[in-house]
Amino acid sequence: MKRSLAYGGLVATAGLLAAGLAAPAQAAGDTVPSVILANTNLAAQEIAAFWYGEAKANLIGATPYNVETKVVAKHVSTGGPAADTKPGVVPAIGDEKKAASKSKNVNLPKTTGKVFFIGGDGRPHWCTATSVQSNYRNLVATAGHCVYDTESNSATLDKWVFIPGYYQGKTPWGIYVGKQAFTHYDYDVYEDGDRNYAFVTVYNGVLPESVSADRHYVSKVFRTRAEAEKELRRLENDKTTGWSDLRVVPVTKPGKPGHGHGDDHGHGGGHGRDHDDKNDKRGGDHGHNDGYQIAVTVSEFQSLNRNRDLTGNGPWADGTGASDPVEISRDEYRSDRDSYVSRDGKTLYFRKAVDGKPDEGPGKPGGGKPGGGHHDGPGKPGDGKPRGGQDEAPKDVTPSTDPSTAPSTDPSTAPSTDPSTAPSTAPDQADERKGDHGHGREYKYFKRTFWAKYYGWQVVGKKLAIGLKDVGRLGDNVGGQGLAYNQKLGKPVFVFGYPSGSHLDGNYAYTGQTLKWSYGKTFAASAKEIKGEELVGVKSSFTGEGSIGSSWLLNYKSDRRLGYLNGVTIGLADTDKNNRIDTSVSPYFDGELYGVYKAAANLWSGKIV
């Protein structure tokens, strides 16, 4: 959306502004929207730990952001963007006193790197960005949609960090956590492509000094699962959190929260660390009742009743129980294993020898325990562990063994035992007389389910514990590019970014792993699908999502690795329709952009450690 700017009650045209105003126009009527990304030192520490934790798995596994990447852009021969004030520049860090130099080689700038964040899909992604000059040497510039979430209704992308010089998990100058983001009103409200840019202040950089094992987090106990899931969503959406592997689990024993049975699945496990006892209201909610009885999987029940015969009559652990075995037909059993678990993990199927003679039935003598038959693969006879695996039926069991689809045992609905109508996989009567092993054995077949009492629900997960050291301000470590606005079109610029992905014809020219550059002259362009009516284009073969946010540097000096930021890539296009990306587009940098820049360039961030 394009709007005129009012000064002293008068609406000024571009010509009047150029003639009568010395200062650049301020964006959106002197209103520059800003959003806090991490508002406390603790929040920033946890965000940095999130990316450094788990052997940098989130950094290494991040993928290029794929939002608003390929656009239908065209070269505009008439009209195009126009300056709204006189041309201006902000010198680069260290280049406040101009130094003339020439170089035939192109040395890549240290200022360019990747920004990492959690996208609307909950997964880690990255764009390109660059460090720019500011009063406190703490400012990053990139495309607006690499900061503001245009896909979901969230204000900004989560856990936002900038890593200059990033390469395959390496962070040579540290991680810089975003503190506050600034953009133009028209982009914030209307997603106007002509204002698709953002400036982000960042905290001092940090590097890992020590890495310890991730600590387990256990919340207070909630009365219902819905309450626990609400808390889970709050933690996931809270930008001050640095948790990972968050999930809701039941509490299986009364007493102090965090002291459930503690099995490997985390159901009520842990030791109550990071638990807020002051907020614990479990005693008032649960002290007077006997818990909640719910169905559990075979694996969960086994973890509560270790080394016990799941086909027998107990005794079971306190607060747990099993249904009486229900005898079923050989047709319904549909397996030659001594036991197996339904696909949903909730029903145990098993068989027992009719004569109960030792050493011939399933499991230990007498055929009592599932899992010991010679059809069951590895495992000690009689260890009480059903074979087939939780949530996995053996290969010869069809999906119909799931309780939701298994044949009913009601006589009125049970499948016919007439051999003429029996499933083709069922043994004939002669096979039944011989037994499954060919030893003349006969079996009875059963199924049963299990339950446990739960005393509430908790959110559990991991809290990253990483020692961080301060490495100083961004601009002091890598420098900062200058800024040029209201420049004439037709000037040559270098484009620096991390292109990735393929051309439209499937050719992969870039990997996104290393910083690349292209060179060309700017021209007027438009892309209506992203509301970009007054864009700037440059011929470039950069492909894929990784180049979004790439810096366009005017008057770049290779020996000093400095120039003037005059654009950021917001989209890529195939203008000649040959299925090869040939053009990058950027908003035109005018006085309104300078207004957004100035609002961000004068704010201090500080340290996080």
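This one's a predicted model, so the numbers in the text were calculated from it and none came from an experiment.
Between the side chain of S605 and the backbone N or O of N204, no donor-acceptor pair lies under 3.5 Å. With hydrogens and angles ignored, the 3.5 Å screen pairs a side-chain donor or acceptor of T183 with a backbone N or O of Y197. In terms of modelled atom types and a separation under 3.5 Å, the side chain of D574 and the main chain of N579 share a donor-acceptor contact. For the pair K531 (side chain) and Y190 (backbone), a donor-acceptor distance under 3.5 Å is present. In this structure a side-chain-to-backbone donor-acceptor pair under 3.5 Å is missing from N107 to R561. A donor-acceptor pair is defined here as one N or O able to donate and one able to accept, closer than 3.5 Å; such a pair exists between the side chain of T522 and the backbone of G490.
Contact record, W552 with V568: NE1-C, 4.0 Å, taken as the closest heavy-atom pair. The two residues A181 and V200 come nearest to each other via the heavy atoms CB-CG2, 4.0 Å. Of all the heavy atoms in L235 and Y217, the pair that sits closest is CD1-CE2, 3.9 Å.
Within 6.0 Å of the NZ atom in K469, the count of heavy atoms belonging to other residues, nucleotides or ligands does not exceed 12.
Between F496 and Y556, the distance from one ring center to the other falls under 6.0 angstrom. Ring-centre distance between Y166 and F116: below the 6.0 Å cut-off. The distance between the ring centers of F182 and F199 does not fall below 6.0 angstrom.
Of the residues listed (V147, I548, T130, I570), the one engaging T142 in a side-chain contact (heavy atoms from CB on, under 4.5 Å) is V147, and it is the only one.
Residues S526 and L535 form no side-chain contact, since every pair of their non-hydrogen atoms from C-beta on lies 4.5 Å or further apart.
Using modelled atom types, one finds no donor on one side chain facing an acceptor on the other under 3.5 Å when comparing S547 with K516. With 3.5 Å as the limit, one finds no donor-acceptor pair spanning the side chains of T201 and N138.
Relative ring orientation between F542 and Y510 is described as perpendicular, the plane-to-plane angle rising above 60° on a 0-90° scale split at 30° and 60°.
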